Asks: 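Let me give you the structure first, and then I'll get to my questions.
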Amino acid sequence: MFVSENLNINEKGNLTINGADTTVLAQKYGTPLYVMDEDMIRNNCRTYIKSIEKYYDGRGMVCFASKAFSCKEIYRIMQQENIGIDVVSAGEIYTAYKAGFDMSKAVFHGNNKSAEEVNMALDTGVGRIVADNIYEIEMLDRIAGERKISIPVLLRIKPGVDAHTHSFISTGQIDSKFGFALETGEAFEAVKKVLSCNNLEFRGLHCHIGSSILDTRGFVAAAEIMMTLISKIKDELNYEVKELNLGGGFGIRYVQSDDPLPYDEYMNAVAEVVNKYCAENNINRPFIIIEPGRSIVGSAGITLYTVGGRKTIPDIRTYISVDGGMCDNPRYILYQAEYDAIVANKASEPKSERVTIAGRCCETGDMIGENMPLQHCEPGDIIAVCATGAYNYSMSSNYNRLCKPAVVFVNSGSDRLAVRRQTLDDIISNDI
Ligand SMILES: *Cc1c(COP(=O)(O)O)cnc(C)c1O
């Protein structure tokens with residue numbers, strides 16, 4: 001009935017998330033409000049860890065791609081769940097470090113890391129750095145030399161796999177800003193380059209083929225291609241690659257028609273390829289890293305809004321305005337992402353109309369969705385938008401000088417604040 005299994009209806013007919021009444025949360029913390037189901041996040045972490053134990057003898061690590069949802073509390077939870085993290089900026093590194101995260105389990109990504117960020121990563125003890133281009137390899141070697149250390153480096157490879165998703169969120173093909181291309185020989189040259197650097201420890205290879213992928217074919221193809229490169233490196237450079245980071249990208253259910261696989265199917269599929277390839281080619285099995293982001297937090301989150309005005313344009317559509325929009329959820333305006341919505345205080349009523357949920361920002365395209373089935377709602381009702389746990393809070397902005405919403409975590413029915421709502425003074429805090 002609901003797109004996420006943590007949603008339900010209580011005896012009052014109100015929508016609940018992990019047992020907590022969403023209308024009570026809206027009342028207590030105000031709207032717009034992000035609500036995250038902590039138990040579901042922890043269960044997702046455990047599913048991924050167990051999949052490595054089950055299919056790959058535990059010889060791997062799960063890293064949460066923290067760009068999907070980053071705040072101190074999520075890094076504390078990842079630390080408790082014994083999960084690594086993937087970070088891409090000084091801001092993410094700083095947040096995790098300040099949360100007390102063990103940074104040796106952090107992987108530093110990105111296609112344009114500054115020297116300051118690399119130094120910060122090394123100061124805080126980041127365990128692995130993934131180099132994206134030749135300039136970065138040279139910079140890492142230079143910084144390691146200055147610091148008289150050796151930096152563990154992985155190389156980001158474009159395996160040339162089309163992940164069959166929207167072109168803005170597929171990254172494994174040759175025309176991508178991320179990584180070294182295989183087809184042109186660039187990737188192999190980069191491996192040679194790292195091996196020739198005095199201050200770099202070549203750990204292995206990384207690829208990430210895209211996002212919101214709902215089957216395993218792309219991952220299987222990428223794993224095969226990466227194993228072929230590992231084999232070529234062994235044969236021609238006499239070097240055995242120790243680590244293979246296969247990225248993230250597992251999709252979730254946003255609307256009923258999405259049909260995601262159980263999360264452990266990811267590791268099941270790639271482990272089969274790697275195990276078989278290593279056995280047949282007499283290669284030591286690499287340590288495997290996987291980097292799920294969306295699938296750890298996406299279905300765990302919802303956003304609550306208060307309904308404002310209704311505007312019916314005869315024979316065209318009905319607009320329902322809410323007190324948030326592209327500033328807290330830019331995914332519709334970015335790539336027409338689809339969502340499911342429920343009137344939280346009328347959750348047991350049938351969805352009797354189709355509406356456009358409009359945000360309050362000054363952009364015509366600022367919508368949560370068009371043609372969305374919804375219960376009939378009036379000003380003051382609470383709308384819950386489902387599966388907003390990934391890439392909503394982390395992509396939020398202060399456009400129109402709107403304050404970013406608070407984030408609340410719900411754990412077995414009890415709620416606590418994880419991120420305070422921004423205040424108007426926060427909005428002007430950097431203005432001179
Ligand atoms: C974004 C990203 C991920 C996570 O992608 P999801 O779709 O959120 O699972 C993993 N690795 C890298 C390098 C990424 O850029």
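Ligands are counted one by one from 1 in listed order, and the atoms in each one are counted from 1 as well. Remember, it's a predicted structure, so these values are computed and weren't measured experimentally. The basis for the numbers below is simple: all heavy atoms, side chains too, and nothing from hydrogens, waters or symmetry mates.
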Asks: Could you check whether R360 makes a cation-pi contact with Y305, meaning its NZ or CZ is under 6.0 Å from the centre of the six-membered ring and within 45° of the ring axis?
Replies: no
Asks: Quick check: do E81 and F64 have side-chain heavy atoms less than 4.5 Å from each other?
Replies: no
Asks: What atoms in ligand 1 come closer than 4.0 Å to a heavy atom of H206?
Replies: 13 (C)
Asks: Could you tell me if R285 sits above the aromatic ring of Y56, with its cationic atom closer than 6.0 Å to the ring centre and no more than 45 degrees from the axis?
Replies: yes
Asks: Return a yes/no value for K67: is any of its N or O atoms, backbone included, closer than 3.5 angstrom to an N or O of ligand 1?
Replies: yes
Asks: Just jot down the ligand 1 atoms closer than 4.0 angstrom to any heavy atom of G248, in number order.
Replies: 9 (O), 10 (C), 11 (N)
Asks: Distance under 4.0 Å to a non-hydrogen atom of A65: what atoms of ligand 1 satisfy this?
Replies: 3 (C), 4 (C), 10 (C)
Asks: Give a yes or no on whether a salt bridge exists between D57 and R59, defined as a side-chain N under 4.0 angstrom from a carboxylate O.
Replies: no
Asks: When you look for heavy atoms under 4.0 Å from ligand 1, do you find them on the side chain of R294, its backbone, both, or neither?
Replies: both
Asks: Give me the residue, atom name and distance of the protein heavy atom closest to atom 11 (N) of ligand 1.
Replies: E291 OE1, 2.7 Å
Asks: Which of the atoms in ligand 1, numbered in the order shown and given with their element, are less than 4.0 Å from a heavy-atom of S211?
Replies: 6 (P), 7 (O)
Asks: Mind checking whether G249 has an N or O less than 3.5 Å away from an N or O of ligand 1?
Replies: yes
Asks: Could you see which bit of V88 sits under 4.0 Å from ligand 1, with heavy atoms only: side chain, backbone, both or neither?
Replies: neither
Asks: Are a donor atom and an acceptor atom from the side chains of T23 and N14 found within less than 3.5 Å of each other?
Replies: yes
Asks: If I apply the N/O under 3.5 Å rule, does G293 come out as touching ligand 1?
Replies: yes
Asks: Using a strict 4.0 Å cut-off to heavy atoms of R156, name the atoms of ligand 1 that fall inside it.
Replies: 13 (C)
Asks: Can you find a pair of side-chain heavy atoms, one from I52 and one from V62, that are under 4.5 Å apart?
Replies: yes
Asks: In the structure I gave you, are the side-chain heavy atoms of K105 and C63 within less than 4.5 Å of one another anywhere?
Replies: no
Asks: Go through the steps to decide whether H206 and H109 satisfy the test ring pair (Phe, Tyr, Trp, His ring centres under 6.0 Å), and finish with yes or no.
Replies: CA-CA 10 Å; H206 168 266; H109 281 288; 4.4 Å; yes
Asks: Check Y391 against ligand 1 and report side chain, backbone, both or neither, counting heavy atoms closer than 4.0 Å.
Replies: side chain
Asks: Could you check V241 against F202 for side chain to side chain contact (heavy atoms under 4.5 Å, CB included), going step by step and ending with a plain yes or no?
Replies: CA-CA 8 Å; V241 170; F202 178 48; 4.0 Å; yes
Asks: Suppose we measure from atom 5 (O) of ligand 1 to each protein heavy atom; which comes out shortest, and what is that distance?
Replies: H208 CE1, 3.4 Å
